[in-house]
Structures are given as structure tokens and as C-alpha cells.
Amino acid sequence: MTIPAFGLGTFRLKDDVVIASIKTALELGYRAIDTAQIYDNEAAVGQAIAESGVAREELFITTKIWTENLSKEKLISSLKESLEKLRTDYVDLTLIHWPSPKDAVSVEEFMAALLEAKAQGLTRQIGISNFTIPLMERAIKAVGVENIATNQIELSPYLQNRKVVDWASEKGIHITSYMTLAYGKALKDQVISRIADKHNATAAQVILAWAMGEGYAVIPSSTKRENLASNLLALDLQLDAEDKKAIASLDMNDRLVSPEGLAPQWD
């Protein structure tokens with residue numbers, strides 16, 4: 001199974017807002033949805049999917065295990081709770097949202113528990129998020145690289161994370177990009193704007209097309225129908241070598257997500 005190149009993110013969206021976003025997205029043709037236990041919206045996501053009328057087998061649903069649920073005693077039971085909220089018997093992908101702070105639960109313990117969840121049929125694939133190279137090495141030793149479907153990391157034109165991306169690529173670990181638009185900062189970039197004008201596209205389409213062109217999956221979110229529809233058109237946008245070179249030059253290691261007490265020591 002492969003990770004869909006394009007999906008809908010639900011970070012910071014709750015209740016009626018996330019329900020409306022998902023229903024609109026599914027109407028427009030989205031079929032991949034990304035949520036997490038800590039987003040506190042799994043039940044609303046489940047409601048939106050149920051009310052959409054889209055068949056479960058057409059969808060690719062991702063959730064993420066929160067740090068409080070990483071122990072072997074809690075991980076599987078917490079995932080079962082997520083499935084109840086999502087109104088499904090399985091998710092397509094379950095990620096470790098963040099590595100355990102201060103290694104309180106070892107990588108070896110939570111990856112083994114996650115692999116057991118896969119063996120039980122609770123999730124079709126498993127993976128990781130916000131993992132550095134040393135953490136990826138440990139995850140691979142714990143469950144085998146063939147069992148790590150993706151590493152979901154912050155990645156944008158301003159944070160291209162080449163060291164992690166290149167290492168993961170060499171090992172065969174797929175990358176999913178979150179915060180791809182850099183909280184909207186990259187939408188105002190003059191270089192991006194020039195490329196957008198050249199292709200008669202939006203800045204968001206250019207950035208999303210760039211990320212997908214690099215081989216990453218993207219999960220942008222929006223509450224506006226016009227933006228949801230517009231973002232989807234990034235699938236049809238092909239950037240040329242000159243465009244890619246220009247975007248490569250924007251990298252400045254500008255990390256926006258690094259929660260104190262939670263973030264690992266970044267590569």
C-alpha cells in the first residue's frame with residue numbers, strides 16, 4: 001500500500017468547523033484525511049465521514065498516537081478508542097505523533113506495540129512523525145524498515161529538511177510533509193509569486209506541487225471551499241527545473257513547530 005500524495009489535514013479544526021471542512025473536501029474528491037488523538041476531533045471526523053456517504057473503502061484515514069498513550073499498556077487500547085470515535089474498524093495509517101519526551105517510553109517499546117496493532121488489523125500501515133535520524137535508526141531496528149510507511153515531518157520551502165529527507169530516502173522511508181505552506185508565510189514569498197504567475201497558478205498550488213514533485217505527500221487544511229478546490233489542482237501542476245531551483249534556494253532552516261519539552265534534538 002502506498003501513501004496518497006494528497007490529503008486533507010485537520011490540525012486545529014474542531015467540531016462543526018472540521019465537519020464542514022471534511023464534507024466539502026469529500027464532495028470535491030479528496031479521499032485521504034489526516035487526524036490525531038491530540039487534535040480532539042476524531043469523533044467529529046468520524047461523524048463527517050459517516051454523514052458524507054462516501055464508502056469507507058474509498059478513504060485513507062490516518063491518525064496519530066499521543067505521547068501519553070505510547071506505553072505497551074496503553075497504545076493499543078488508545079487506538080481502539082480512536083477507531084470508535086472515527087466509526088471505523090481500522091485506520092489505514094497510524095503514526096507515533098512525537099517520540100516519547102526524555103525517552104520515557106522507549107522507541108523499541110512503542111514501535112513493537114504499534115506493530116502489534118497492525119498485526120491485530122487495527123491499522124493497515126504504521127509509521128512515525130517528527131523523528132530525527134537517530135530516532136529513525138532505532139525505529140528501523142525495532143520493527144524493520146519495511147514496516148515504516150512514512151515519517152511525517154515539518155517541511156516547507158523555508159525548512160527543506162534535506163539531511164533527514166536524504167537519509168530517509170536512502171533507507172526507503174517515504175516522507176509526508178506537514179506545515180507545507182509555513183503557516184501561510186510562504187504564500188507571500190516573491191519567488192513563489194513569480195512562479196505562480198508564470199504558471200497561472202496560486203502560490204499554494206506552486207508550493208504543494210513542489211512538495212509532491214519532490215516525492216512527499218502533503219496534507220494541507222482549509223475551511224474555505226474555494227481553497228480546498230484550488231489546492232486540489234496542485235496535483236495537475238508540473239514545475240520545471242528552473243522553478244525547482246528557485247524554490248530550493250529559499251531554504252533557511254526556518255522551523256515553526258518545536259514544542260518545548262516535546263521536540264527531540266533536531267538534526
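Just so you know, residue 1 is the first one in the sequence shown, and it goes up from there.
Looking at Ser177, its side chain does come within 3.5 Å of a backbone N or O of Leu155 through a donor-acceptor pair. The backbone N or O of Val191 sits less than 3.5 Å from a side-chain atom of Asp189, completing a donor-acceptor pair. A donor-acceptor pair under 3.5 Å is absent between the side-chain atoms of Asn231 and the main chain of Pro220, judged by distance alone. Distance alone, capped at 3.5 Å, is enough to place a donor-acceptor pair between the Asn161 side chain and the Glu154 backbone. Thr24 places a side-chain N or O within 3.5 Å of a backbone atom of Ala20 that can act as its donor or acceptor partner. Of the possible polar contacts, one joining the Thr123 side chain to the Thr94 backbone as a donor-acceptor pair under 3.5 Å is found. Checking side-chain atoms of Ser100 against main-chain N and O of Asp103 turns up no donor-acceptor pair under 3.5 Å. Between the side chain of Ser52 and the main chain of Ile49, a donor-acceptor pair closer than 3.5 Å is present. The closest donor-acceptor contact from the side chain of Asn151 to the backbone of Ile175 lies at 3.5 Å or more, if one exists at all.
Evaluated for a side chain to side chain contact (heavy atoms under 4.5 Å, CB included) with Leu75, the options Asn69, Ile65, Val105 yield exactly one hit, Ile65. The residue from Val145, Ile148, Val164 that alone fulfils the side chain to side chain contact (heavy atoms under 4.5 Å, CB included) condition with Met136 is Val164.
Between Val206 and Ala196, the shortest heavy-atom distance links the atoms CG2-CA, 3.6 Å. Of all heavy-atom pairs between Asp267 and Ile133, the closest is OD2-N, 2.9 Å. In plain terms, the two heavy atoms of Thr150 and Ile173 that are nearest each other are C-CG2, 4.1 Å. Looking at every heavy atom in both residues, Gln238 comes nearest to His199 through O-CE1, 3.6 Å. Nearest approach of Asn227 to Ser222, heavy atoms of both residues: CB-OG, 3.3 Å. The minimum heavy-atom distance between Ser193 and Leu187, with the atom names listed, is OG-O, 4.2 Å.
Gln47 is linked by a side-chain hydrogen bond (donor to acceptor under 3.5 Å, both in side chains) to Glu51, counting only residues two or more places apart in sequence or in another chain. Under the side chain to side chain contact (heavy atoms under 4.5 Å, CB included) criterion, Thr202 pairs with Ala204, Gln205, Ser230, sequence neighbours left out. The side chain to side chain contact (heavy atoms under 4.5 Å, CB included) check on Ala48 picks up Ile19, Ile22, Lys23, with sequence neighbours excluded. In this structure, the side chain to side chain contact (heavy atoms under 4.5 Å, CB included) partners of Asp240, at least two apart in sequence or on a different chain, are Lys198, Glu242, Asp243. Applying the salt bridge (charged side-chain N to carboxylate O under 4.0 Å, His left out) test to Asp254 and every residue at least two apart in sequence or in another chain returns Lys185. Checked against side-chain hydrogen bond (donor to acceptor under 3.5 Å, both in side chains), Asp34 has the following partners two or more places apart in sequence or in another chain: Lys64, Gln152. With sequence neighbours left out, the salt bridge (charged side-chain N to carboxylate O under 4.0 Å, His left out) criterion links Glu27 to Arg225. Listed by chain and number, the residues in a salt bridge (charged side-chain N to carboxylate O under 4.0 Å, His left out) with Glu108 are Arg138 (sequence neighbours excluded). With sequence neighbours excluded, the residues that form a side chain to side chain contact (heavy atoms under 4.5 Å, CB included) with Asp40 are Lys14. Under the side-chain hydrogen bond (donor to acceptor under 3.5 Å, both in side chains) criterion, Lys74 pairs with no residue at all, not counting sequence neighbours.
Annotation for Leu256: hydrophobic cluster partners, listed by chain and number, are Phe11, Ile38, Tyr39, Trp66, Trp98, Tyr178, Met179, Tyr183, Ile219, Val257, Leu262, Trp266 (ILVMFWY side-chain heavy atoms under 4.5 Å, direct or chained).
The environment of CD in Glu137 is crowded: more than 12 heavy-atom neighbours from other residues, nucleotides or ligands sit within 6.0 Å. More than 12 non-hydrogen atoms from other residues, nucleotides or ligands lie less than 6.0 angstrom from CD of Glu146. By the 6.0 Å contact criterion, NZ on Lys171 is enclosed, its count of non-hydrogen atoms from other residues, nucleotides or ligands being greater than 12.
At a threshold of 4.5 Å between non-hydrogen side-chain atoms, the residues Leu95 and Ile126 do not count as touching.
Cation-pi geometry between Arg31 and Phe6 is not satisfied (NZ or CZ under 6.0 Å from the ring centre, within 45° of the ring normal).
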field: Ser21/Leu8 under side-chain contact (heavy atoms from CB on, under 4.5 Å): CA gap, chis, key distance, verdict
entry: CA-CA 9 Å; Ser21 175; Leu8 178 72; 4.0 Å; yes

message: Would Thr35 and Thr62 count as a side-chain contact (heavy atoms from CB on, under 4.5 Å) here? Give the steps.
response: CA-CA 6 Å; Thr35 183; Thr62 300; over 6 Å; no

message: Working note: Val165 + Ile153, criterion side-chain contact (heavy atoms from CB on, under 4.5 Å); need CA distance, chi angles, decisive distance, verdict.
response: CA-CA 9 Å; Val165 166; Ile153 58 174; 4.3 Å; yes

- prompt: After noting the C-alpha distance and the side-chain angles of Arg56 and Ile61, does the key distance pass the side-chain contact (heavy atoms from CB on, under 4.5 Å) rule?
  reply: CA-CA 9 Å; Arg56 173 66 185 91; Ile61 302 172; 3.6 Å; yes

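A donor-acceptor pair shorter than 3.5 Å cannot be found between the side chains of Thr63 and Ser82. A donor-acceptor contact closer than 3.5 angstrom links the side chains of Gln37 and Ser78.
The hydrophobic clustering, which links ILVMFWY residues whose side-chain heavy atoms are closer than 4.5 Å, places Tyr90 and Ile76 apart. Transitive grouping of hydrophobic side chains (ILVMFWY, heavy atoms separated by less than 4.5 Å) keeps Phe60 and Tyr30 in distinct clusters. In the hydrophobic clustering of this structure, Leu233 does not group with Met212; members are Ile, Leu, Val, Met, Phe, Trp, Tyr whose side-chain heavy atoms approach within less than 4.5 Å, directly or through other members. A single hydrophobic cluster is not seen to contain both Leu93 and Ile96; linkage of ILVMFWY side chains at heavy-atom distances under 4.5 Å, directly or through other members, places them apart. A continuous path of ILVMFWY side-chain contacts below 4.5 Å connects Leu181 to Leu235, so both sit in one hydrophobic cluster.
Identified under the ring-ring contact (aromatic ring centres under 6.0 Å, His included) test for residues 200-244, with sequence neighbours left out: none.
With salt bridges taken as basic N to acidic carboxylate O contacts below 4.0 Å, none links Lys80 and Asp89.
Separating the CG atom in Asn253 from the NZ atom in Lys163 is a distance of 11.0 Å, to the nearest 0.5 Å.
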